[in-house]
Amino acid sequence: MSMDMKMNMLFFLVLFASAISSSLAKGSLQQTLLPSEEFNDGSNASSARHLLEDESQAQTSVDLAQGFMSNDELEWAIQEFGQRCSNISRVYSIGKSVNGFPLWVIEISDKPGEEETEPAFKYIGNVHGDEPVGRELLIFLANWLCDNHLKDPLATLIVENVHLHLLPSMNPDGFSLRKRGNANNIDLNRDFPDQFVFINDDEDSRQPETRAIMNWLRDIRFTASATLHGGALVANYPWDGSDDKRTKYYGCPDDDAFRFMSSIYSHSHYNMSSSKEFLGGITNGAACTDCRYPLYGGMQDWNYIHAGCFELTLEISDNKWPNAAELPFLWRYNKMSMLNLVASLVKTGVHGRIYSSGDGRPLPGSITVSGINYTVRAGNTFGDYHRILAPRDKYEVVATMPGYKSKNTTIWLDEGPVTLDFVLDPEVSVKGSVLRNIYDCDCNGESKQEFVQFLWGTHLEVFFVVIVVLGFLLLLFQRRQKVKFSTSRQSAGAKRTVEV
């Protein structure tokens with residue numbers, strides 16, 4: 001063999017060895033990298049999710065759920081939490097999946113299961129079976145609140161002032177099958193009644209998981225909520241669809257409030273607000289150009305329209321199925337966002353109760369804000385309401401109740417929450433000679449007849465005197481508006497109390 005041939009062979013051997021060495025080094029590096037502090041390099045744009053991507057593309061021969069809790073393990077974790085933290089929690093089920101797995105909920109409060117004049121918030125995870133990060137993070141959240149509610153001010157604020165409900169898995173069957181839809185292969189986030197596309201109007205035709213959510217919101221008056229998804233890093237707010245089915249910005253009446261809520265989550269997150277895809281890490285659902293096309297039949301819009309609940313759709317992980325070893329990092333990156341969003345219910349907005357001036361009883365009236373076409377209902381038991389509003393100079397708030405005169409007042413909502421109680425005067429009408437309250441009168445025909453005979457008898461003069469006196473007192477009462485300001489500072493911010 002000539003010297004030239006030997007040199008050529010040696011050269012190729014060196015190249016071959018170098019290629020093998022480089023390949024091995026690259027494989028080793030990929031195995032050891034975790035998403036710790038490197039998520040903030042803006043690389044999330046390269047792994048953008050499409051909300052409606054074909055779920056078959058996400059399937060591989062590898063068990064993606066390795067290291068994640070199975071449904072049985074999740075159930076055990078929920079029950080174990082309920083026993084360990086029974087003083088501030090209760091565990092209950094809102095129904096079952098297609099395959100009969102219970103949809104377990106953890107409620108966290110200083111008075112779990114009791115009705116109070118406090119706002120309620122819910123987190124829902126695992127709406128899509130192939131997006132399991134949310135179910136794990138909600139267990140992290142529950143345990144952190146249990147361990148810290150006596151020593152961390154934010155945890156204390158939430159436990160003592162909010163009823164927090166956590167549904168770790170809405171779609172346990174989809175998780176078991178490693179697919180997006182439920183056991184019937186239905187996308188649960190397309191299974192709700194929609195304002196633009198008339199689908200799913202027959203409640204019996206909906207999936208059991210969907211019906212469970214709808215019945216849940218009939219039982220509990222949630223002020224706000226969020227669902228946890230995977231495949232991107234963004235806070236999504238209504239509307240999810242548009243009237244003409246085109247991709248465009250289509251805001252709901254409370255667009256400012258939803259942008260405010262979304263920004264709370266995004267800017268509290270480790271790097272969501274620095275997204276290169278979504279300005280500020282937030283997006284209007286119908287305008288989401290990276291989502292291919294608007295969404296119809298979604299849970300987010302249904303909550304706002306039919307349940308009076310301000311809901312966000314949170315995409316909390318670029319990778320739908322990250323390595324289970326990354327879960328502690330994902331919890332750390334989303335922790336403050338999850339806590340601050342819940343705490344915002346009592347740290348901002350306007351809250352109060354509606355009373356009757358006649359007997360002081362609570363009224364299940366309604367609250368509207370001038371310029372915003374949306375109504376918030378007060379509770380039946382306490383007449384309490386909680387209205388989410390974006391901080392700005394001032395709002396005109398109106399309270400109404402059938403049978404009562406409406407009242408309105410202006411509030412300044414800049415920093416901290418405002419407590420605003422309304423005392424409504426009954427509407428009074430004279431029918432014939434009968435003085436009656438339109439709302440409260442519950443008289444049978446016999447008593448009415450006796451009362452009329454009484455008035456038109458020898459007591460007619462007394463009746464007119466009573467009318468004059470009542471009219472005078474009513475005029476004085478209407479001209480007297482009692483305003484009290486409380487300057488007490490609480491951990492929820494400077495709370496101002498107004499009564500009108």
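We number each residue from 1, following the sequence as shown. Below, all heavy atoms of this structure are taken into account, side chains as well, without hydrogens, waters or symmetry copies.
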Taking the side chain as everything from C-beta on, heavy atoms only, tell me whether [X] gets closer than 4.5 Å to [Y].
X	Y	result
Pro322	Phe68	yes
Ile78	Ile139	yes
Val398	Val369	no
Trp76	Phe81	no

Subject >> salt bridge (charged side-chain N to carboxylate O under 4.0 Å, His left out) partners of residues 144-158, not counting sequence neighbours, each pair once >> reply: Arg84-Asp147
Original post:
Can you pull the salt bridge (charged side-chain N to carboxylate O under 4.0 Å, His left out) pairs that have at least one residue in residues 85-106, sequence neighbours excluded?
Top reply: Arg90-Glu107
Does [X] use its side chain to pair, donor to acceptor, with the backbone of [Y] at less than 3.5 Å?
X	Y	result
Ser274	Asn271	yes
Tyr395	Ala390	yes
Asn284	Ala287	yes
Asn182	Ile186	yes
Asn185	Gly181	no
Ser273	His269	no
Ser337	Tyr265	yes
Ser266	Gly280	yes
Glu315	Leu233	no
Thr348	Ser344	yes

Does the side chain of [X] pick up a donor-acceptor pair with the side chain of [Y] at under 3.5 Å?
X	Y	value
Asn71	Arg135	yes
His128	Asn171	no
Asn184	Gln207	yes
Ser169	Asn126	yes
Thr283	Asn236	no
Arg332	Tyr270	no
Thr210	Asp191	yes

Original post:
So, His165 versus Phe222, ring centres under 6.0 angstrom or not?
Top reply: yes
**OP:** Anything under 30° is parallel, anything over 60° is perpendicular, the rest tilted; go ahead and classify Phe310 against Tyr374.
**Re:** perpendicular
Distance-minimising heavy-atom pair for [X] and [Y]:
X	Y	answer
Gln300	Pro238	NE2-N, 3.3 Å
Pro102	Glu75	CG-OE2, 4.1 Å
Pro112	Ile88	CG-C, 4.0 Å
Leu217	Cys309	CD2-CB, 4.3 Å
His149	Asn87	NE2-ND2, 4.1 Å
Glu73	Ser70	OE1-N, 2.8 Å

**OP:** Please test Ser109 against Val159 for side-chain contact (heavy atoms from CB on, under 4.5 Å), starting from the C-alpha separation and ending with a verdict.
**Re:** CA-CA 5 Å; Ser109 168; Val159 172; 5.8 Å; no
Original post:
Quick one: does NZ or CZ of Arg178 land under 6.0 Å from the six-membered ring centre of Phe175, within 45 degrees of the ring axis?
Top reply: yes
Salt bridge flag under 4.0 Å for residues [X] and [Y]:
X	Y	answer
Asp130	Lys320	yes
Arg392	Asp414	no
Arg387	Asp254	yes
Lys122	Glu311	yes

Subject >> For Leu166, the option from Leu137, Ile124, Ile108 that meets side chain to side chain contact (heavy atoms under 4.5 Å, CB included) >> reply: Ile108
Subject >> side chain to side chain contact (heavy atoms under 4.5 Å, CB included), paired with Glu209, selected from Ile94, Leu188, Val127 >> reply: Leu188
Subject >> CA sep, side-chain torsions, deciding dist, call: Trp104, Leu74, side-chain contact (heavy atoms from CB on, under 4.5 Å) >> reply: CA-CA 9 Å; Trp104 293 110; Leu74 178 63; over 6 Å; no
From [X] atom [atom1] to [Y] atom [atom2], the distance as rounded to the nearest 0.5 Å:
X	Y	atom1	atom2	value
Leu312	Phe258	CG	CZ	6.5 Å
Asn340	Ile264	CG	CD1	7.5 Å
His386	Thr223	NE2	OG1	5.0 Å
Ile388	His351	CD1	NE2	8.0 Å
Ile106	Ser89	CD1	OG	7.0 Å
Asn161	Lys347	CG	NZ	11.0 Å

Can you list everything that forms a ring pair (Phe, Tyr, Trp, His ring centres under 6.0 Å) with [X]? Sequence neighbours excluded, please.
X	answer
Phe382	none
Tyr123	Phe121
Trp331	Phe140

Original post:
Taking only residues at least two apart or on different chains, which pairs with a member in residues 84-150 satisfy disulfide bond (SG atoms under 2.5 Å apart)?
Top reply: Cys85-Cys146
**OP:** Show the numbers, then the answer: is there a side-chain contact (heavy atoms from CB on, under 4.5 Å) between Arg180 and Asp187?
**Re:** CA-CA 7 Å; Arg180 183 182 182 88; Asp187 187 330; 2.9 Å; yes
**OP:** Please lay out, stage by stage, how Ile282 and Phe278 fare under the test side-chain contact (heavy atoms from CB on, under 4.5 Å).
**Re:** CA-CA 6 Å; Ile282 67 174; Phe278 307 102; over 6 Å; no
Original post:
Does atom CG of Asp219 have more than 12 heavy-atom neighbours, drawn from other residues, nucleotides or ligands, at distances under 6.0 Å?
Top reply: yes
Original post:
Yes or no on salt bridge (Lys or Arg N to Asp or Glu O under 4.0 Å) for Asp384 and Arg221, after CA distance, side-chain angles and deciding distance?
Top reply: CA-CA 11 Å; Asp384 62 305; Arg221 189 169 49 96; 3.1 Å; yes
